[in-house]
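The structure displayed is predicted, hence computed values, not measured ones. Protein chains get the first letters and strands the later ones, always in sequence-line order, with residue 1 at the start of each.
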Amino acid sequence: MQRTDYCAQITKQDIGRTATVMGWIQRSRDLGGLTFVDLRDSSGIMQVVFPGDDSSLAAVHTLGREDVVTVTGTVAARDTVNINPDMITGEVELRAEKLVILNRARTPPFLTEGTGEDTTEETRLRFRYVDLRRERMQRNLRLRHQVFKMIRDFFDKQGFIEIETPLLTKSTPEGARDFLVPSRVEPGKFYALPQSPQLFKQLLMIGGIDRYFQLAKCFRDEDLRSDRQPEFTQLDLEIAFPRGKEEIISLLEAMFGQLFRCILDIQLPQRFPCLSYHEAIARYGSDKPDLRFGMEIKDISHLVQGCGYRIFTDTLATGGKVLGINACGCGRYSRSQIDQLQKQSLAAGAGGLLWIKIGEEISSPLIKFITTESLQEIISVFDASSGDLILIVAGEGMEPVLGSLRSMIARQEKMESDSWHFLWVTDFPLFERTEAGELTSSHHPFTSPNQQDIVMLESRPLAVLANSYDLVLNGVELGSGSIRIHSRALQERIFALLGLDKEEMEERFGFFLRALEYGAPPHGGFALGLDRCIMMMAKESSIRDVIAFPKTTTGLCPLTNAPISVTKEQLDELKLQQQNEKHKE
RNA sequence: GGGGGCGUGGUCUAGCUUGGUCUACGACGCUGGAUUGUCACUCCAGAGAUCGCCGGUUCAAAUCCGGUCGUCCCCGCCA
């Protein structure tokens, strides 16, 4: 028997016709003389009816969940009273005439109905092949495919070509920890799996590829989170001779516009708003602000200048600022809820948290220290009214403290509306200072500085801005890009500032520096975390729900049990020795 | 590297605070039977658990303590 139809595609138009469907038993309701079976395939579910008087169909009584069958029968209309409005195929049913059991299934560890909330994620992953049958996972994987396909088509139309870059490549000891692969032919030497195809795509530009993209697998050996996996997929792209960052920005806006319109039926604005890094920090306390809600940071330094309150005057005297946000509607917060906010502020690095609660009357620890007029001025700056709570922090660089309070409150107060706020963040500092006091690239060392800042690279490196752009959606960083350095001399200056001497430069990046000397065109590009994008489009809270076979937070695969020990022979072949466990200390 | 939550039949869970009544609750699932319009079918009967693992305290441990493993969340980390 050959399949003629998919379950959920059978409609009233097919009534009277013979159909053969194949799939899994979702559920069967055996009434004795009459049996109903919900049959599921990749398209969905339809009801199959088995009459009791046909002995050739007697096997229906033995069917269990997830058994695999093929059924031939006649499509029939259901009587009006029997129509199930909750089912896509609820107006029809298949009257079975022939049943073949293709395969029996052991009782599954969980039901494939529902979204999986009724079992643990570990069990879902161990039996992923069963878990994937549920509608939610089928939908997510289909969405993932649609996104991939649409991206490929989009960039193809824009003149890009997809080129694969090596997975066995060279460790560039900067950034995340590499996954290493030992070389058999060169004992003691290792390949690294790419953290991104960064250098290869730049080499492709130098190689005369005008527009490159790749749906690239990337690997980073760092601790995992609900939005991080050790291997993940990024949309990597690069163009030669760009019309500045503007060209790349508008390409991505067009791409997202199409994705959201065609896949989610959502119309995005043609242009996404843009904030400079400094503006983002000043207004939202974050370089990836969530614009689904307001609660902007306000500087009230000028209002409290002469108030005489020690904490304020001391802060202002040492160059700090007095900043605050208005937690709208949080005026009802109890002492312990405010304590919670205070704890969060201390954890985020503030010396303390001051508050003004506006209710029937105004209560605040500040009342003793500042005049009623100043208090009223502050309240009006925040546009606060009864029921609001103003949170104030004093110090230097306190914006991120308020940023973290801002997101904490938004989450608590459910201010995160069901909307899509894309945002570009540009003009990041090219460098930042590590704890050890060294300079490090805030993006990556191939990012070009703003043209006019190049003169102060050595004199005031922290003031140099990068020709870069991050894309943020609802407070989540989706990706980042930049116009790259295409001159060897400038690239070497950057490396030198990062503390690399000539020898290290040659060893790590010699091949690349050389390539820059052979006619490297100006170029720039972008890298976008696709798993994260798809997670958000699917409204999932974990990246694992949009990846077919993800790893646990400890990097294990409950399905295959990877990673596992290898044999002595395998290690010998690679000239590797296992360190004795006892030597760990 | 650090902090926190969780671990009890196939699955999800109650019990743990205050050890004994636990011969471990319930639901779903499973097995057998009945059942001709169900769609969370219904009804009857039944099976199924070394309470993650190791050790300690105690007359007595699912329960208290220590360790360990697994898992999830967060900080660090993720150029």
Side-chain angles (χ1 to χ4, degrees), chain A residues 26-39 45-54 61-62 64-66 76 78-87 89-90 93 95 105-114 116-127 130-131 172-178 195-196 198-199 218-230 232 344 347-349 404 408 428 430-432 434-435 438-447 466 468 477 480 482 494-495 498 500 508-509 527 529 532 541-542 544 551-556 558 561:
Chain A
Q26 176 91 350
R27 205 178 250 281
S28 93
R29 293 173 293 281
D30 191 340
L31 273 52
L34 186 69
T35 303
F36 297 96
V37 166
D38 291 338
L39 188 69
I45 294 172
M46 97 163 302
Q47 174 165 281
V48 185
V49 193
F50 290 80
D53 51 11
D54 186 343
H61 300 294
T62 72
R65 283 171 196 275
E66 304 303 325
R78 298 201 200 180
D79 289 344
T80 323
V81 290
N82 291 327
I83 286 173
N84 183 345
D86 298 331
M87 257 173 115
T89 54
E93 60 193 10
R95 302 260 158 87
R106 286 177 61 174
T107 301
F110 45 77
L111 300 183
T112 54
E113 292 159 17
E117 314 289 322
D118 54 349
T119 185
T120 58
E121 191 169 359
E122 191 188 359
T123 312
R124 287 178 56 203
L125 292 182
R126 191 146 46 90
F127 294 91
V130 179
D131 186 56
T172 52
E174 204 166 339
R177 197 175 295 116
D178 284 317
Q195 295 181 25
S196 85
Q198 183 62 31
L199 289 176
C218 303
F219 306 85
R220 290 176 194 178
D221 190 4
E222 295 292 346
D223 287 351
L224 308 181
R225 287 280 199 288
S226 54
D227 61 352
R228 280 193 233 153
Q229 282 276 301
F232 60 99
Q344 169 86 7
S404 81
M408 185 175 171
F428 277 71
L430 189 65
F431 300 109
E432 43 196 56
T434 64
E435 279 169 30
E438 290 155 346
L439 284 184
T440 176
S441 295
S442 40
H443 186 185
H444 61 53
F446 314 105
T447 304
S468 72
E477 186 193 327
S480 59
S482 63
I494 301 290
F495 281 151
L498 294 173
L500 271 71
R508 295 181 195 178
F509 301 111
R532 236 177 243 188
S541 53
S542 166
R544 295 185 293 272
K551 312 251 185 312
T552 65
T553 41
T554 45
L556 311 181
N561 258 333

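Side-chain contact check for A/Arg65 versus A/Thr107: every heavy-atom pair is 4.5 Å or farther apart. Within the 4.5 Å cutoff, the side chain of A/Leu498 has heavy atoms near those of the A/Phe431 side chain.
Spacing of C1' atoms, B/G10 relative to B/A47, comes out at 12 Å, to the nearest Å. The separation of B/G70 from B/A60, taken at their C1' atoms, amounts to 30 Å, rounded to a whole angstrom. Taking the P atoms as reference points, B/U8 lies 15 Å from B/C54, given to the whole Å. Rounded to a whole angstrom, the distance from the C1' atom of B/G32 to that of B/G20 is 38 Å. One C1' atom belongs to B/C16, the other to B/G5, and the distance between them is 16 Å to the nearest Å. Spacing of C1' atoms, B/U63 relative to B/C51, comes out at 10 Å, to the nearest Å. The same atom, C1', is picked in B/U57 and in B/G46; the two are 41 Å apart, to the nearest Å. The same atom, C1', is picked in B/U17 and in B/C64; the two are 11 Å apart, to the nearest Å.
No donor-acceptor contact under 3.5 Å links the side chain of A/Arg220 to the base of B/C78. No hydrogens or angles were tested; on distance alone, a donor-acceptor pair under 3.5 Å links the side chain of A/Glu93 to the base of B/G37. With hydrogens and angles ignored, a donor-acceptor pair under 3.5 angstrom links the side chain of A/Arg78 to the base of B/C39.
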Residue pair A/Thr447, A/Phe428: steps toward the side-chain contact (heavy atoms from CB on, under 4.5 Å) verdict: CA-CA 11 Å; A/Thr447 304; A/Phe428 277 71; over 6 Å; no
Could you please spell out the steps behind the salt bridge (charged side-chain N to carboxylate O under 4.0 Å, His left out) verdict for A/Asp38 and A/Arg29? CA-CA 8 Å; A/Asp38 291 338; A/Arg29 293 173 293 281; 2.9 Å; yes
Please evaluate residues A/Thr112 and A/Gln26 with respect to the criterion side chain to side chain donor-acceptor pair (under 3.5 Å), reporting the C-alpha separation (whole Å), side-chain torsions for both, the decisive distance (0.1 Å), and the verdict. CA-CA 8 Å; A/Thr112 54; A/Gln26 176 91 350; 3.3 Å; yes
Please list, for nucleotides 40-49 of chain B, all pairs of protein and nucleotide N/O atoms separated by less than 3.5 Å.
unit_1	atom_1	unit_2	atom_2	d
B/A40	O3'	A/Arg27	NH1	3.1
B/C41	OP1	A/Arg27	NH1	2.0
B/C41	OP2	A/Arg27	NE	3.4
B/C41	OP2	A/Arg29	NH1	3.3
B/C41	N4	A/Asp30	O	2.6

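One finds a salt bridge joining A/Glu121 and A/Arg544 here, because a Lys/Arg side-chain nitrogen approaches an Asp/Glu carboxylate oxygen to under 4.0 Å.
Contacts of A/Arg544 with the nucleic acid, taken as non-hydrogen atoms under 4.0 Å apart, involve only primed sugar atoms and P, OP1 or OP2. Across all strands, A/Gln47 comes closer than 4.0 Å to base atoms (heavy-atom distances). Nucleic acid contact class of A/Ser226 (heavy atoms, under 4.0 Å, all strands): sugar-phosphate only. No engagement by A/Leu224 is indicated, since no non-hydrogen atom pair under 4.0 Å with the nucleic acid exists.
Distance from the side chain of A/Glu121 is smallest to B/C72 among B/U71, B/C72, B/G37. The nucleotide whose nearest atom lies closest to any side-chain atom of A/Thr120 is, among B/C12, B/C78, B/U11, B/C12. The A/Asp223 side chain lies nearest to B/C77 when the options are B/C74, B/C72, B/C77. Listed nucleotides: B/U11, B/C78, B/C72. Nearest to the side chain of A/Thr123: B/U11. Considering only side-chain atoms of A/Arg95, the nucleotide from B/G70, B/C73, B/G37 that sits closest is B/G37.
The nucleotide B/G20 finds its pairing partner in B/C59, both defining distances of the Watson-Crick or G-U wobble pair being shorter than 3.5 Å. The partner of B/C6 is B/G70, by the rule that a Watson-Crick or G-U pair needs both atom distances under 3.5 Å. Across every strand in view, B/C77 sits unpaired, with no contact that passes the Watson-Crick or G-U test at under 3.5 angstrom. With both pairing distances under 3.5 Å, B/U42 is matched to B/A34 as a Watson-Crick or G-U wobble pair.
For B/C75, one of the phosphate oxygens OP1 or OP2 lies less than 4.0 angstrom from a side-chain nitrogen or oxygen of A/Arg225. The side chain of A/Thr553 places no N or O atom within less than 4.0 Å of a non-bridging phosphate oxygen (OP1 or OP2) of B/U71. Proximity of A/Thr107 to the phosphate of B/G29: no side-chain N or O atom is located under 4.0 Å from OP1 or OP2.
Here A/Ser196 contributes atom OG and A/Phe232 contributes atom CZ; the two are 7.5 Å apart, rounded to the nearest 0.5 Å.
Here A/Phe36 counts as stacked on B/U38: its ring centre is under 5.5 angstrom from the base ring centre and the planes meet at under 30°.
Heavy-atom minimum distance, A/Leu224 versus A/Gln229: CD2-C, 3.8 Å. The shortest heavy-atom contact between A/Ile494 and A/Leu430 is CD1-CD2, 3.8 Å.
Where A/His61 and A/Val81 each meet RNA chain B at their nearest nucleotide, the meeting point lying more 5' is that of A/His61.
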